[in-house]
Amino acid sequence: MTEAKQTTNPIRLLMLSVKIREALEEAREKEPDNVDVRLDLVRFYTVTPRIAGGGIDDARAEAAEIARRDAALGSFARGYIDYHEKDYGIARLELREAMKNGNAATHALAAKWLGWLSQESQQWDDAFAIFEELRATDASALYEIGRTAMFCSCRVEEGRVAVREYLKAKRAGEMPTADDARKLLKKLGR
């Protein structure tokens, strides 16, 4: 999956997508109650073109199976699909449901996606509030506060402060790099 995110070669990407789909579907067959595997399949089916093995109907079927095992995570999965389908009203409802009824991990996951949806739909106050809530447990929320300030050209000083704090935080995994944060800070006018 990491290689697929980094490659620009369409033939290699197609080959990787076949392997990823086969591996995820094999994992699902071995552990049908593993909601993490099913959630990875939702993500794969949602973002992968049909020609490469994706499909919204398959994603929705997996979301239904997740919901049978974990209602809140199922709400997140449906919200994720609806977000990608640009059905923002339904996505917002599903993500809020996941936040309300999910465990801490599901709440945080749904909140982050609801924050991104709020950015995309220009609901700035909601985006700020969501990322502010997440900042105590997820340093990338600081970066998102800065992005929100940049997108709306509002609360710019708050955005600058958050990005400076992000630069001091420990970053890991797929979090934005220090270079990304410095570029964002520059856009915010330092």
Side-chain angles (χ1 to χ4, degrees), residues 5 35-36 38-40 42-43 46-47 56 59-60 62-64 66-67 69-190:
K5 288 177 185 175
V35 292
D36 293 328
R38 288 186 179 276
L39 189 55
D40 283 343
V42 166
R43 290 177 179 128
T46 301
V47 300
I56 293 301
R60 291 197 189 286
E62 288 301 330
I66 292 169
R69 294 159 175 83
D70 182 333
L73 193 59
S75 290
F76 167 76
R78 288 189 302 270
Y80 176 87
I81 295 165
D82 291 329
Y83 175 90
H84 283 281
E85 290 291 289
K86 303 214 182 292
D87 194 349
Y88 294 150
I90 302 285
R92 186 174 301 283
L93 293 172
E94 292 287 3
L95 293 170
R96 286 192 190 281
E97 184 71 20
M99 287 174 63
K100 184 173 90 177
N101 296 316
N103 61 25
T106 300
H107 176 91
L109 182 62
K112 186 176 267 192
W113 279 92
L114 184 58
W116 289 331
L117 186 154
S118 296
Q119 285 175 337
E120 192 161 330
S121 59
Q122 299 181 6
Q123 296 185 353
W124 310 123
D125 289 339
D126 287 348
F128 278 114
I130 290 163
F131 292 125
E132 190 61 42
E133 174 199 329
L134 290 173
R135 77 185 290 164
T137 57
D138 182 354
S140 68
L142 296 163
Y143 181 84
E144 293 301 332
I145 290 169
R147 284 185 65 214
T148 305
M150 180 196 65
F151 292 147
C152 70
S153 298
C154 64
R155 298 167 66 171
V156 174
E157 185 54 32
E158 182 181 342
R160 286 185 198 120
V161 169
V163 175
R164 286 186 192 114
E165 191 176 333
Y166 177 75
L167 281 165
K168 295 175 188 173
K170 184 176 180 181
R171 290 174 297 285
E174 295 185 14
M175 292 173 69
T177 66
D179 283 342
D180 293 334
R182 283 190 281 277
K183 288 175 187 171
L184 177 56
L185 198 54
K186 188 175 181 178
K187 290 177 183 176
L188 289 168
R190 292 202 180 242

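This one's a predicted model, so the numbers in the text were calculated from it and none came from an experiment. Values below: every heavy atom of this structure, side chains too, minus hydrogens, waters and symmetry copies.
With rounding to the nearest 0.5 Å, the separation of CD in E132 from CD1 in I130 is 12.0 Å. Between the CG atom of L95 and the OG1 atom of T106 there is a distance of 11.5 Å, given to the nearest 0.5 Å. Here the CG atom belonging to L188 is positioned 6.5 Å from the CZ atom belonging to R160, to the nearest 0.5 angstrom. A distance of 10.0 Å separates CG of D180 from CZ of R147, quoted to the nearest 0.5 Å. In this structure, CD1 in I81 is found 9.5 Å from CD in E62, a value given to the nearest 0.5 Å. In this structure, I56 CD1 and E85 CD are separated by 4.0 Å, a value rounded to the nearest 0.5 Å.
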Go through the steps for K100 and S75 under the test side-chain hydrogen bond (donor to acceptor under 3.5 Å, both in side chains), then give the verdict. CA-CA 10 Å; K100 184 173 90 177; S75 290; over 6 Å; no
Between D82 and R60, is a salt bridge (charged side-chain N to carboxylate O under 4.0 Å, His left out) present by the stated rule, with each step listed? CA-CA 10 Å; D82 291 329; R60 291 197 189 286; 3.2 Å; yes
Evaluate side-chain hydrogen bond (donor to acceptor under 3.5 Å, both in side chains) for E144 paired with W116, printing each intermediate quantity in order. CA-CA 8 Å; E144 293 301 332; W116 289 331; 3.3 Å; yes
Evaluate the criterion side-chain hydrogen bond (donor to acceptor under 3.5 Å, both in side chains) for residue pair T46 and R43; output intermediate values, then yes/no. CA-CA 5 Å; T46 301; R43 290 177 179 128; over 6 Å; no
Checking K183 against T177 for the side chain to side chain contact (heavy atoms under 4.5 Å, CB included) test, could you report, in this order, the C-alpha distance in whole Å, the side-chain angles of both residues, the deciding distance, and whether it holds? CA-CA 10 Å; K183 288 175 187 171; T177 66; over 6 Å; no
Check against salt bridge (charged side-chain N to carboxylate O under 4.0 Å, His left out), E165 and K168: CA-CA 5 Å; E165 191 176 333; K168 295 175 188 173; over 6 Å; no
Just do the side chain to side chain contact (heavy atoms under 4.5 Å, CB included) check on T137 and H107 with the steps written out, would you? CA-CA 12 Å; T137 57; H107 176 91; over 6 Å; no
Derivation of the side chain to side chain contact (heavy atoms under 4.5 Å, CB included) call for V163 and L142: CA-CA 6 Å; V163 175; L142 296 163; over 6 Å; no
For a side chain to side chain contact (heavy atoms under 4.5 Å, CB included) check, start with the C-alpha distance between R38 and R69, then their side-chain angles and the critical distance, and finish with the verdict. CA-CA 11 Å; R38 288 186 179 276; R69 294 159 175 83; 3.7 Å; yes
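Shortest non-hydrogen contact noted between G79 and A91 is O-CB, 3.5 Å. The nearest pair of heavy atoms linking A77 to L39 is CB-CD1, 4.1 Å. A98 approaches A110 most closely through the heavy-atom pair CB-CB, 3.7 Å. Across P176 and R171, no two heavy atoms sit closer than the pair O-CD, 3.2 Å. The nearest pair of heavy atoms linking K112 to S140 is NZ-OG, 2.9 Å. The two atoms that bring Y166 and A181 nearest to each other are CD2-CB, 3.7 Å, heavy atoms only.
A salt bridge links D126 with R96: the closest approach of a Lys/Arg side-chain nitrogen to an acidic carboxylate oxygen falls below 4.0 angstrom. Salt bridge K86/E120: present, at least one basic N to carboxylate O contact under 4.0 Å. Under 4.0 Å is where a charged nitrogen must lie from a carboxylate oxygen, and between D87 and R92 no such pair does.
Side-chain contact check for F131 versus S118: every heavy-atom pair is 4.5 Å or farther apart. Side-chain atoms of F151 and W124, non-hydrogen and from C-beta on, do get closer than 4.5 Å to each other.
In this view, E133 satisfies the salt bridge (Lys or Arg N to Asp or Glu O under 4.0 Å) rule with no residue, not counting sequence neighbours.
Note on ring orientation: taking the six-membered ring where Trp is involved, the planes of Y83 and W113 are perpendicular (angle over 60°, cut-offs 30° and 60°). Aromatic ring orientation, F76 versus Y80: tilted (interplanar angle from 30° to 60°).
Of the candidates L73, D40, V42, V35 forms a side-chain contact (heavy atoms from CB on, under 4.5 Å) with just one, namely L73.
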